Each structure stands twice: as C-alpha cells, then as structure tokens.
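Below: one structure, written as structure tokens.
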Protein chains: 2
Amino acid sequence: MPRRPRVTPEQILDAATREFAERGFAGARVDRIARRAGVNKAMLYYHFRSKQTLYRRLLRRAFSQAGARIQRIADSDAPPFEQLDRVVALFADLIGEQRFFPAIMLREVAEGGAHLDVETLGLLAAVPGAFGRIVARGIAAGEFRDVNPLFAYFSMMSPIVFFLCAAPIRRELGARRLASPDIRNVAAFVSHVQANMRRVLAPDGAAGPRSTT
Amino acid sequence: MPRRPRVTPEQILDAATREFAERGFAGARVDRIARRAGVNKAMLYYHFRSKQTLYRRLLRRAFSQAGARIQRIADSDAPPFEQLDRVVALFADLIGEQRFFPAIMLREVAEGGAHLDVETLGLLAAVPGAFGRIVARGIAAGEFRDVNPLFAYFSMMSPIVFFLCAAPIRRELGARRLASPDIRNVAAFVSHVQANMRRVLAPDGAAGPRSTT
DNA sequence: GTCTATACTTCGATAGAC
DNA sequence: GTCTATCGAAGTATAGAC
C-alpha cells in the first residue's frame, strides 16, 4: 500500500491560488508557489506540466464548485425571492471560503480571458448559467419582473466581488483618513446587495418582499 | 522657441495605459510600451524614472479626470434622480473614452492597491467621494432612501466596470455557444443599471421616477 | 516521487555617444 | 533630447542523481 505523498497536488493548488491572486499570472513566481506549498520546484513541475496548466487547474476547481452550489439553490423548491437571497449570500460565502479566488477572477476578466481554454470557459459559463435559471424561473412564475438574466447576474455578482476584493484598499484609505473608516462591514454590504436585488427584480408597482432571513 | 518633441509624454502614457491594461503591472513590458509609443526605451526612462513611476502617473491622470467630471455633475442643479442617471452614463462614457483604463482598475483592486502611493490613493478616493455627495444630497432632500453612499457607489460602479471589461470573455463564450450570444449591447446594460439604481434609491413605498432621458 | 544544480531566456534599467 | 548597446538580476523549466 503506497504511502500518501507528503504534499498533495491539492495543497499545491491552494498555494498557487494565493500566489496568483496576489500577483497575477505574470507576476506569480513558481518558486514562491513551491515554497508556499512546501515542495520544490521540480516536484511542482512533476505534478503540473507548466505554470499555465497549474493555473487552469485551479480555475476549473473553483468554477466547478461555484457552479454546482448555485445549481443546488436553483434546484431547491424555495420561492424565487428566497433563492435570490440565498445565492447572494452564497457568493459572499464562496469568497469567504476561497478568500483568494475572486482576485483571480478580477484579473482574468481584466485580461480578457487570455489564459482560458475551452474546458475552463465552459465551467466558467456554468456559473452565470445557473444563476440565470433562478432568475428565469422567477420571471416565468410571475414573481420577478422581466429582466435580462445575465444583466441581473452582473448586477449581483460584480458588487460582491468588487467590494470584498477592495477590502485592502478601503482599509488603506480609512487608515490614511482619505475615506470614512467605518465601512468595512462585509455582512452589512451583503444585506445591502440582497435588498438591492429584491428591488431590482420586484414587479412594477410592488415594493418586493422584505428580507426572508 | 523650442520645437515640440516628436513624441510627447502624454503619448507614452496612452501607450502605457493599453499595455498595463492588457498585461497587468508585472506582465507589462517596458520595451513594448516604448515601441507602441514610438520611442525607444531610453527616451521613456528619460521622461519617467521607472516602470512604477509611469504606472502611477497614468493612474493619477485617469482618477483626476473621473473625479472632476463626477464632481461637475454633483455641482449641477439637476434633481437627484437625474444626477444619478447622468453619473451612471458618465461611467460608461469614461470607459468608452479610456477604453483600457477599467482593466487597470480591476487589476489594481485585485492586487490590493499594491502599487498605489498616497497621492494616487487620494485621487482615487475622490471618485467615490464625489459620487457619495450626490447620494447624500439626495437623501438630505428626502428624494432618496437612506443608504450608505459608499455601498451605493459599489452597487453602481462595479457592474458597469465588470460588464464592460468582460466584453471579450462574453464574446468568446458567445462564439463557442457556451452562452447566448446576443447580449453584447452596452447601451442596454447601462439602461439596466440606471433603472436598478433608481429602484435601489427610491424611498420605501414609492416605485421611483421613470427614466429621465 | 524527491531533490540539487543549472541551462536558457527575458526584462528593467543604465552607460555613454551624439 | 535621442539613440544603440549592454549589464545584471530574476524567471521558467529541465537534467539527472537518488
């Protein structure tokens, strides 16, 4: 029975996520990823053919997880407005669990998806896809007003990702008294986005239901 | 009377904006910036001390312009909901004019502001600052409901920046039939965000005014 | 599977002539 | 102000022993 390797590829992916998040694809150093994961460079290249392979593998892992969990909400029999609240909270949770991943998303968007291959693109597309099904179902049920599901996706996801990623800059601005320092509260912002989305999707003339939490 | 230099520092800044947007700070190549601007590397280093100096200078230029133009809207005597519509449209316009800048913003946020010095941070902070004054004035006038102005800023700015930056990826997904290909319409998305913000800021019980355009 | 040592390349920055 | 040539540092990737 073979002994479990001391450092698993999984741990290398974790270290790489952090490095790519902090420095970007070009700025990431394979040396540093290896050191952070507790392996040497040769070991890393043994498990992953190249820096790019490593990068794509961690993207696929994160997109798969996110897509599956959103789809689970879509498949639940909760009413549309509750699914909406839940999916907003899920995004914040995902970021809490994978603290370094959203920065990678931001960079990849900025780069125009330069490092994405077809398989990774497919997994990425499943995320707005699953969200879109929630919105479409709400519209079909007459609970949501008729909006473009992809527009709704961007209106929901972008503020969450942006606000949470910008935490270090907001902290810096607060410390230097360039902005009010009291708005670091992530939970408050998540509630704000939930309230926004209820208003955005409420049918004309209705104020939309209050929080379901 | 001295002859105007063939290539002005201004042109170098433009070339650098594009290069930094496409490749990020670490991925940007000084050689390429020089070539794109039509100067040689030594000339570039003559005008700008280092890669980092160049980078900060272009950030300051863009933040100053954006901050000033938002403040101009805030200083106008247009009613709050119209100022809101205008500032959303302004963001889209700014991106149209400085097509490559938002990608730099996205990356800088992802990086936690690692390349920003105090002066640049100050100019950056003026952007949400000016927007916040529009919101605060609307709240004081009883036209907007009471929301955190910075929350409102992120709710407005993030979708615009994200959606426009993601255009290449959306195009790619459409071409590969991984997503519906028909949603490239920037103008439609801007209208969507304007409508969203009116709903977000409308006082409780009111549906908020219709479009003012 | 694990490691050390290193080959090969690229890049930021500068020297120094004009 | 403008240019050519180049230095030195740092990076990805691999060779080859164990």
Side-chain angles (χ1 to χ4, degrees), chain A residues 1-59 103-104 107-108 110-111 114-117 120, chain B residues 1-60 104 107-108 110-111 114-117 120:
Chain A
M1 196 164 173
R3 195 160 43 95
R4 159 90 73 78
R6 270 182 291 159
V7 175
T8 68
E10 205 70 7
Q11 288 170 276
I12 296 176
L13 283 181
D14 289 336
T17 303
R18 179 158 186 171
E19 175 73 7
F20 282 120
E22 288 175 355
R23 319 247 180 182
F25 184 82
R29 297 295 164 239
V30 178
D31 279 289
R32 249 193 314 252
I33 296 174
R35 187 158 33 82
R36 280 178 158 171
V39 299
N40 58 62
K41 240 191 320 188
M43 198 67 250
L44 188 152
Y45 278 103
Y46 172 80
H47 283 297
F48 304 91
R49 193 171 317 209
S50 68
K51 186 182 180 180
Q52 196 179 62
T53 306
L54 177 59
Y55 184 69
R56 286 177 179 165
R57 287 271 276 276
L58 72 87
L59 285 182
I104 297 182
R107 290 182 196 273
E108 202 48 53
E111 213 126 333
H115 305 101
L116 306 180
D117 57 352
T120 312
Chain B
M1 197 164 172
R3 196 162 41 95
R4 159 90 71 77
R6 272 182 290 159
V7 175
T8 68
E10 206 68 8
Q11 287 171 278
I12 297 177
L13 283 180
D14 289 337
T17 303
R18 180 159 187 171
E19 174 74 7
F20 282 122
E22 288 175 355
R23 320 248 181 182
F25 184 83
R29 297 296 163 239
V30 177
D31 279 290
R32 246 191 318 250
I33 296 174
R35 186 158 34 81
R36 281 178 158 172
V39 298
N40 58 63
K41 236 192 322 186
M43 199 66 251
L44 188 152
Y45 277 102
Y46 172 80
H47 284 297
F48 304 92
R49 194 171 316 210
S50 68
K51 187 181 181 182
Q52 196 180 61
T53 305
L54 177 58
Y55 185 68
R56 286 177 178 166
R57 287 271 277 275
L58 72 87
L59 285 182
R60 287 177 201 163
I104 297 182
R107 290 181 196 272
E108 201 48 53
E111 214 127 334
H115 305 102
L116 306 180
D117 58 351
T120 312

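Each chain gets a letter, A, B and so on, in the order the sequences are listed, and its residues count up from 1. Keep in mind the model is a prediction, meaning the values are calculated, not measured.
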Nearest whole angstrom, please: distance from the [atom2] of [N] to the [atom1] of [X].
{"X": "B:Asp31", "N": "C:dT14", "atom1": "CG", "atom2": "P", "answer": "14 Å"}
{"X": "B:Ile33", "N": "C:dT10", "atom1": "CD1", "atom2": "C1'", "answer": "15 Å"}
{"X": "A:Leu44", "N": "C:dG1", "atom1": "CG", "atom2": "C1'", "answer": "14 Å"}
{"X": "A:Ile12", "N": "C:dG1", "atom1": "CD1", "atom2": "C1'", "answer": "12 Å"}
{"X": "B:Leu54", "N": "C:dC11", "atom1": "CG", "atom2": "P", "answer": "16 Å"}
{"X": "B:Tyr55", "N": "C:dG12", "atom1": "OH", "atom2": "P", "answer": "14 Å"}
{"X": "B:Tyr45", "N": "D:dG1", "atom1": "OH", "atom2": "P", "answer": "19 Å"}
{"X": "B:Arg32", "N": "C:dG12", "atom1": "CZ", "atom2": "P", "answer": "9 Å"}

Out of [options], which has the shortest distance to the side chain of [X]?
{"X": "B:Met43", "options": "D:dG1, D:dT12, D:dT4", "result": "D:dG1"}
{"X": "B:Ala42", "options": "D:dG1, C:dT4, C:dA15", "result": "C:dA15"}
{"X": "A:His47", "options": "C:dA13, D:dA13, C:dT2", "result": "C:dT2"}
{"X": "B:Asn40", "options": "D:dT12, C:dA13, D:dC3", "result": "D:dC3"}
{"X": "B:Tyr46", "options": "D:dC3, D:dG1, C:dC3", "result": "D:dG1"}
{"X": "A:Lys41", "options": "D:dT2, C:dT6, C:dG12", "result": "C:dT6"}

Side-chain donor-acceptor pair present, B:Thr120, B:Arg60, cut-off under 3.5 Å:
yes

Checking side-chain polar atoms at under 3.5 Å, does A:Tyr55 have a donor or acceptor matched by the opposite partner on A:Glu19?
no

Should A:Arg107 and B:Glu111 count as an ion pair when the cut-off is N to O under 4.0 Å?
yes

Any side-chain heavy-atom pair from A:Phe25 and A:Glu108 closer than 4.5 angstrom?
no

Sorted by position of nearest nucleotide on DNA chain D, 5' first, the leading residue of A:Arg49 and A:Arg29 is A:Arg29

Would B:Leu54 and B:Leu13 count as a side chain to side chain contact (heavy atoms under 4.5 Å, CB included) here? Give the steps.
CA-CA 7 Å; B:Leu54 177 58; B:Leu13 283 180; 3.8 Å; yes

Base, sugar-phosphate or nothing for A:Ala26? Non-hydrogen atoms, less than 4.0 Å.
nothing

